[in-house]
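First up is the structure itself, then whatever we jot down about it.
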Number of protein chains: 2
Amino acid sequence: MQVDPGYLSKLQDYYAKHQVIPSYTAMGKLWGISAKSWVASCVTRLKEEGYLKLTPDKRLRPGARFFERKVAHAPVRAGLPDAALEDGYDLVTIDDYLVKLPSKTTLVRVKGDSMIEAGILEGDLVVVEQQPNANVGDIVVAIIDDEFTIKYLERERGAFVLRPANKAYPTIRPKDKLEIFGVMVGLVRRVDR
Amino acid sequence: MQVDPGYLSKLQDYYAKHQVIPSYTAMGKLWGISAKSWVASCVTRLKEEGYLKLTPDKRLRPGARFFERKVAHAPVRAGLPDAALEDGYDLVTIDDYLVKLPSKTTLVRVKGDSMIEAGILEGDLVVVEQQPNANVGDIVVAIIDDEFTIKYLERERGAFVLRPANKAYPTIRPKDKLEIFGVMVGLVRRVDR
DNA sequence: TTGACTACAGAACGTTCGTTCTGTAGTCTC
DNA sequence: GAGACTACAGAACGAACGTTCTGTAGTCAA
């Protein structure tokens with residue numbers, strides 16, 4: 001009753017490459033199937049399982065589970081290279097994992113190394129939940145001189161200050177009111193190779 | 001000779017909502033146009049301008065400029081700052097940003113602080129592209145004693161070794177063959193509050 | 001060894017797709 | 001005020017699309 005997982009992953013790869021769901025005939029080519037009827041029944045099952053669904057215009061589109069990722073735990077059997085695809089893995093879509101409030105969430109690219117000791121490197125994307133205030137100890141994105149600044153929010157003699165996570169940088173003590181853009185709720189880094 | 005920018009943004013909104021490019025008739029509805037011929041000529045121009053292109057199967061797909069977004073990120077007007085992706089490109093999804101080959105990509109949770117100097121903290125999820133070999137200098141996920149280990153791959157006197165990014169930990173010199181699970185291509189961190 | 005089930009192949013069919021061609025109302029230019 | 005151009009409307013058409021139905025080879029259990 002379950003559809004060949006190879007079909008799903010081929011479709012996911014196709015989508016990652018083209019940002020589009022192919023037609024039934026193209027899926028047939030992709031899957032090595034020459035019968036459209038069989039493609040259709042596979043698609044039906046993928047729909048039932050939540051990997052695909054339809055737009056209001058009746059076009060196929062990725063479903064809720066289409067972007068799920070496995071979280072691999074230590075392999076049960078060592079030695080076998082394919083050992084990581086076992087049952088019992090958590091499934092997570094990265095977006096859901098990081099974003100709780102889509103309408104309030106933005107990404108800010110990190111410049112400089114002032115937060116390097118908090119594991120925040122230059123070029124990383126910080127996931128920010130926009131809100132005008134934060135708690136002491138949070139990592140916040142503040143606006144200083146029309147620039148985004150990512151720092152720890154601390155309190156010093158009754159006033160809020162911005163503390164970097166790098167001894168080479170000084171703590172910032174805003175002259176007037178500190179303008180907070182949002183709070184860091186996550187981080188995304190891409191390793192280019 | 002240029003196409004109405006409203007058409008493009010409506011199409012982008014549709015795509016953001018459905019992850020799929022609509023058909024000509026659906027675009028007609030979307031744009032308030034009842035002539036498919038006119039939709040076709042608009043699409044042609046969007047293709048010429050790089051916002052749309054075709055898959056090998058001749059399906060319409062987003063082009064290189066489709067996700068482009070001109071953001072005045074540097075001078076943030078205080079009070080109402082805009083989203084802050086200065087790449088010139090907006091992201092469809094974070095997933096898309098990190099995952100190139102869904103079928104080979106898994107997530108591995110980081111244990112310990114042995115890679116702390118590379119900005120990889122305990123509890124982070126490392127995005128791994130599964131492959132049996134890697135290049136010197138890559139951060140790899142290897143399997144040591146049935147456990148995942150994340151380290152730099154280095155070469156030492158002809159043999160591969162695993163070097164941590166933390167002076168408190170020793171370099172690992174595998175006795176026999178080094179088993180590589182995959183290569184790190186990204187990192188995801190959630191800040192729980 | 002029969003019956004049920006799965007994983008496909010192949011063809012038929014009505015619908016929808018994108019293309020193309022003709023037509024027209026408004027605007028701008030000279 | 002005539003010609004050129006733009007922004008659509010509308011219809012026609014073949015190709016491609018998704019659906020459905022019939023058929024078959026293999027597997028498994030009873």
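Every chain is numbered from 1 and lettered A, B, ... according to where its sequence line falls, protein lines coming before strand lines. All values below were derived from every heavy atom in this structure, side-chain atoms included, with hydrogens, water molecules and symmetry-related copies excluded.
- Look at B:Glu48 and B:Arg45 and you find no salt bridge, because none of the NZ, NE, NH1 or NH2 atoms lies under 4.0 Å from a carboxylate O.
- Base contact: B:Lys36 has a heavy atom under 4.0 Å from a base atom.
- Interface remark: the B:Ser23 side chain does not form any donor-acceptor pair with the C:dG18 base, using a distance-only criterion of under 3.5 Å.
- Here A:Ala134 pairs with A:Asp138, A:Val140, A:Leu153, A:Ile180, A:Val183 under the side-chain contact (heavy atoms from CB on, under 4.5 Å) rule; sequence neighbours left out.
- For A:Ser37, whose side chain is taken as the heavy atoms from C-beta onward, the closest listed nucleotide among C:dA9, C:dC8, C:dC21 is C:dA9.
- Distances shorter than 4.0 Å separate some side-chain N or O of A:Arg45 from OP1 or OP2 on C:dA7.
- Remark: A:Glu156 engages A:Arg173 in a salt bridge, criterion side-chain N to carboxylate O under 4.0 Å.
- Note on B:Tyr7: every side-chain N or O is 4.0 Å or more away from OP1 and OP2 of D:dA7.
- For the pair B:Asp57 CG and C:dC17 P, the interatomic distance rounds to 17 Å; values are reported in whole Å.
- Atom-to-atom, NZ of B:Lys58 to P of D:dC17 comes out at 10 Å; the value is rounded to the nearest Å.
- Scanning residues 24-35 of chain B for heavy-atom distances under 4.0 Å to DNA chain C yields B:Tyr24, B:Thr25.
- Residue A:Leu121 is found in a hydrophobic cluster whose other members, listed by chain and number, are A:Ile116; membership requires side-chain heavy atoms under 4.5 Å apart, directly or through intermediates.
- Straight-line distance from the CG atom of A:Leu52 to the P atom of D:dG18: 12 Å, rounded to whole Å.
- In this structure, A:Leu54 places its CG atom 14 Å from C1' of D:dC17, rounding to the nearest Å.
- Applying the salt bridge (charged side-chain N to carboxylate O under 4.0 Å, His left out) definition to pairs two or more places apart or across chains, none involves residues 16-40 of chain B.
- Looking at residues two or more places apart in sequence or on another chain, you find no salt bridge (charged side-chain N to carboxylate O under 4.0 Å, His left out) involving A:Glu122.
- Salt-bridge check for B:Asp95 with A:Arg69: passed, with a basic side-chain N closer than 4.0 Å to an acidic carboxylate O.
- Rounded to whole angstrom, the span from the CH2 atom of B:Trp38 across to the P atom of C:dT24 amounts to 18 Å.
- For the helix from C:dT1-D:dA30 to C:dC30-D:dG1, the axis fitted to the five pairs at one end and the axis fitted to the five pairs at the other end meet at an angle of 30° (nearest 10 degrees).
- Taking 4.0 Å as the cut-off between side-chain N and carboxylate O, A:Glu129 and A:Lys104 do not count as a salt-bridged pair.
- Using cut-offs of 30° and 60° on the angle between ring planes, the pair A:Tyr15 and A:Phe66 is perpendicular.
- Of all nucleotides listed (C:dA9, D:dA7, D:dC17), D:dC17 comes nearest to the side chain of B:Arg59.
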